Amino acid sequence: MNQTRQRQRIVCIVGPTACHKTECSIELAKRVSGEIVSADSVQVYLGMDIGSAKPTKNERQGIEHHLIDCVLIDTPEFSVSMFRDMASESMRSIISRGNVPIVAGGSGLYLNALTHPLGFAVPRNEEARASALAEYGKNPGAAYARLQNVDPQTAERLHINDKKRIVRALEVFDASGEPLSSYGNDFQNVTHKEPPFDALMIGLNMDRKKLYERIGLRVDQMMERGLLEEARRIYDAGYDKNLPAMRSIGYQQLFSFFEGDCSLEEAIEKIKQDTRRFAKRQLTWFRRDEKILWHDVTCWEDGKDALIEKLTIATRQWMKGTDT
RNA sequence: GCCUCGGUAGCUCAGUUGGUAGAGCAAGGGACUGAAAAUCCCUGUGUCGGUGGUUCAAGUCCACUCUGAGGCA
């Protein structure tokens, strides 16, 4: 349990969607002999390519990518902790090859699973979850009251409407007999433990208006590249609508169109709006991480060479361990 | 040219008999420990088109003016 063994150093490129994270990470990898680990909750799914903005074979330029296409769409049990295990394994192999692990992605919780000491509690327990869900559905107030009773600490930080988290907290208690808070459920107070990796955190962000413009353009581009057909293929495969993958932005809205709930134009507008809101939430998430060194990429084309040069130097220094 | 109806939050519109404004959507902020592209919480100050006038008090009444839509010549 002592910390004599130095934690492994990695580089993370984070930020809201459509902020050039992919291109930036590939360019950096080319210069520092890096391999990329995607921290993206949708890119993991095989077959969800266009909508998740996976880099194409060409765009990858021979750089090795991990945690892309690693699970099937109908994998209901895929989760953050599974991501952490798989990503850690990839990281180990990258380091053993003498390369630099570059984590690039926008799924905040996934990133934190690598850079913060999150102590995940009991695994998903189908039975306990189903019963907690039924309990909440029947009477939210009573379910919340029970949580207050068995795990007052968690109850206090959750709003009574926060169904998903209340159900999860009850599930953990019912399955393990221990309150969720005993596993350490306070995000802001986890500094007493060591995170799995020591990360150089690089944040990319741009002017909000410009970001939203880019999101709109990118969605149109996805449609040109065949998002409709891709979504149709997934829809026709008849997966369970409750699968996490089925709720992803870009697919979810097109499914509504296929069901006849809205026009194609409305679905596309909704994709753009939901992506904007998602980007906003991503920013909320990343903003509180004070370790992130932010770079403005509003004028990407003009500034990218200089930025990548800067990041290359920073990465080399970081990996040598000379900058702390 | 005349008549009618409009001009109030980014948008669509409420606004009672005069007491300096409020809904929906959009947007912004926050939270987040095995579903996270998910889920949840909070947030409405705007020269009430402009200028004058009446009044203790005008989004509300009057005059003029700018502007949009429709109608009649």
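Hydrogens, waters and symmetry mates play no part in the numbers below; they use all other heavy atoms, side chains included. Keep in mind that what you see is a predicted model, and the values were worked out from it rather than measured.
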Next item on the list: Report, as yes or no, whether the 6.0 Å neighbourhood of atom NZ on A:K310 holds more than 12 heavy atoms from other residues, nucleotides or ligands.
Entry: no
Notebook entry, point to check: Which whole number of Å gives the distance between the C1' atom of B:U47 and that of B:A58?
Noted result: 15 Å
Checklist line | Assigned partner base of B:G10, Watson-Crick or wobble definition, under 3.5 Å | finding: B:C25
Margin query: When both hydrogen-bonding distances must be under 3.5 Å and the geometry is Watson-Crick or G-U wobble, what is B:G34 paired with, if anything?
Written below: none
Check: With respect to the side chain of A:Y212, which nucleotide from B:C40, B:G28, B:G34 is positioned closest?
Finding: B:G28
Margin query: Taking the minimum atom-to-atom distance to the side chain of A:H159, which one of B:G29, B:C40, B:G34 wins?
Written below: B:C40
Margin query: In whole Å, measure the gap between the C1' atoms of B:G46 and B:U20 for me.
Written below: 12 Å
Check: Between the side-chain atoms of A:R165 and the base atoms of B:A38, is any donor-acceptor pair under 3.5 Å?
Finding: yes
Checklist line | Ionic contact status for A:K304 with A:E23, cut-off 4.0 Å | finding: yes
Item checked: P spacing across the pair B:C2 / B:G19, given as an integer number of angstrom -> 33 Å
Checklist line | Interatomic distance, A:M246 CE vs B:A38 P [rounded to whole Å] | finding: 14 Å
Item checked: Euclidean distance for C1', B:A9 against B:G34 (whole angstrom) -> 43 Å
Margin query: Taking any heavy-atom pair under 4.0 Å as a contact, classify A:Q282: base, sugar-phosphate, or nothing.
Written below: nothing
Note to self: With nearest nucleotide decided by heavy atoms, which residue, A:Q273 or A:K280, maps closer to the 5′ end of RNA chain B?
What the structure shows: A:Q273
Checklist line | Separation of atom CZ in A:R276 from atom P in B:G29, rounded to whole Å | finding: 14 Å
Margin query: Closer than 4.0 angstrom, basic N to acidic O: yes or no for A:K270 and A:E266?
Written below: no
Notebook entry, point to check: Taking CG from A:L170 and P from B:U39, how many angstroms apart are they, rounded to a whole number?
Noted result: 19 Å
Note to self: Nearest to the side chain of A:R277, heavy atoms from C-beta on, is which of B:G34, B:A27, B:G29?
What the structure shows: B:A27
Next item on the list: Please state how far atom CG in A:L243 lies from atom P in B:A36, giving the value in whole angstrom units.
Entry: 11 Å
Check: Nearest to the side chain of A:T284 - B:A27, B:G30, B:A36?
Finding: B:G30
Item checked: Partner nucleotide, any strand, of B:G46 [Watson-Crick/G-U, under 3.5 Å] -> none
Margin query: Classify A:F83 by what it touches in the nucleic acid, base, sugar-phosphate, or nothing, heavy-atom distance under 4.0 Å.
Written below: nothing
Note to self: Roughly how many Å apart are B:C32 and B:A27, using the P atom of each and rounding to a whole number?
What the structure shows: 24 Å
Notebook entry, point to check: Which part of the nucleic acid, if any, lies within contact of A:R281, taking any heavy atom under 4.0 Å across all strands shown: a base, the sugar-phosphate backbone alone, or nothing?
Noted result: base
Checklist line | A:T17 backbone acceptor or donor facing A:Q282 side chain under 3.5 Å | finding: yes
Next item on the list: Look at the side-chain N and O atoms of A:R208 and state whether any lies under 4.0 Å from the OP1 or OP2 oxygen of B:A27.
Entry: no
Next item on the list: Compare the minimum distances between each of B:C32, B:C40, B:G34 and the side chain of A:V80, then state the nucleotide with the smallest one.
Entry: B:G34
Notebook entry, point to check: Does the pair A:E126/A:R129 count as a salt bridge with the N-to-O cut at 4.0 Å?
Noted result: no
Checklist line | Which nucleotide in B:A35, B:C41, B:A38 has an atom nearest any side-chain atom of A:N161 | finding: B:C41
Margin query: Taking the P atom in each of B:G18 and B:A57, what is the distance between them to the nearest angstrom?
Written below: 15 Å
Notebook entry, point to check: Is there a Watson-Crick or G-U wobble partner for B:U17 with both distances under 3.5 Å, and if so, which one is it?
Noted result: none
Next item on the list: Take atom OH of A:Y45 and atom P of B:A35, then tell me their distance rounded to the nearest Å.
Entry: 10 Å
Check: Using purine N1 to pyrimidine N3 plus N6-O4 or O6-N4 for Watson-Crick, or N1-O2 and O6-N3 for G-U wobble, each under 3.5 Å, what pairs with B:C5?
Finding: B:G68
Notebook entry, point to check: Does A:E229 pair with A:R232 as a salt bridge, N-O distance under 4.0 Å?
Noted result: no
Check: Should B:C61 form a Watson-Crick or G-U wobble pair with both distances under 3.5 Å, which nucleotide is its partner?
Finding: B:G53
Next item on the list: Name all residues meeting the ring pair (Phe, Tyr, Trp, His ring centres under 6.0 Å) criterion together with A:H66; count only those two or more places apart in sequence or in a different chain, and write none if there are none.
Entry: none
Check: Within 45° of the axis and under 6.0 Å from the centre of the six-membered ring of A:W285, does NZ or CZ of A:R281 qualify?
Finding: no
Check: Under 4.0 Å between a side-chain N or O of A:R168 and OP1 or OP2 of B:A36?
Finding: no
Check: When rounded to the nearest Å, what value does the distance between C1' atoms of B:U16 and B:A23 take?
Finding: 16 Å
Check: With sugar-phosphate meaning primed atoms plus P, OP1 and OP2, does A:N242 contact a base, only sugar-phosphate, or nothing at under 4.0 Å between heavy atoms?
Finding: nothing
Notebook entry, point to check: Between atom CH2 in A:W285 and atom P in B:A38, what is the gap in whole Å?
Noted result: 13 Å
Check: Whole-Å distance between B:C41 P and A:K164 NZ?
Finding: 13 Å
Next item on the list: In whole angstrom, give me the gap between the P atoms of B:A63 and B:U4.
Entry: 11 Å
Margin query: Categorize A:G51 for me: base, sugar-phosphate, or nothing, with a 4.0 angstrom heavy-atom threshold over every strand shown.
Written below: base
Notebook entry, point to check: Nearest of B:G34, B:C40, B:A38 to any side-chain atom of A:I249?
Noted result: B:A38
Next item on the list: Scan A:Y110 against the nucleic acid and name what it touches under 4.0 Å (heavy atoms): base, sugar-phosphate only, or nothing.
Entry: sugar-phosphate
Next item on the list: Using a heavy-atom cut-off of under 4.0 Å over every strand shown, decide if A:T275 touches base, sugar-phosphate, or nothing.
Entry: nothing
Note to self: Reading RNA chain B from 5' onward, which residue's closest nucleotide shows up sooner: A:E171 or A:G106?
What the structure shows: A:E171
Note to self: Under a 4.0 Å threshold between the charged nitrogen and the carboxylate oxygen, would A:K138 count as salt-bridged to A:E135?
What the structure shows: no
Next item on the list: Could you state the atom-to-atom distance from NZ of A:K270 to C1' of B:A26 in whole Å?
Entry: 12 Å
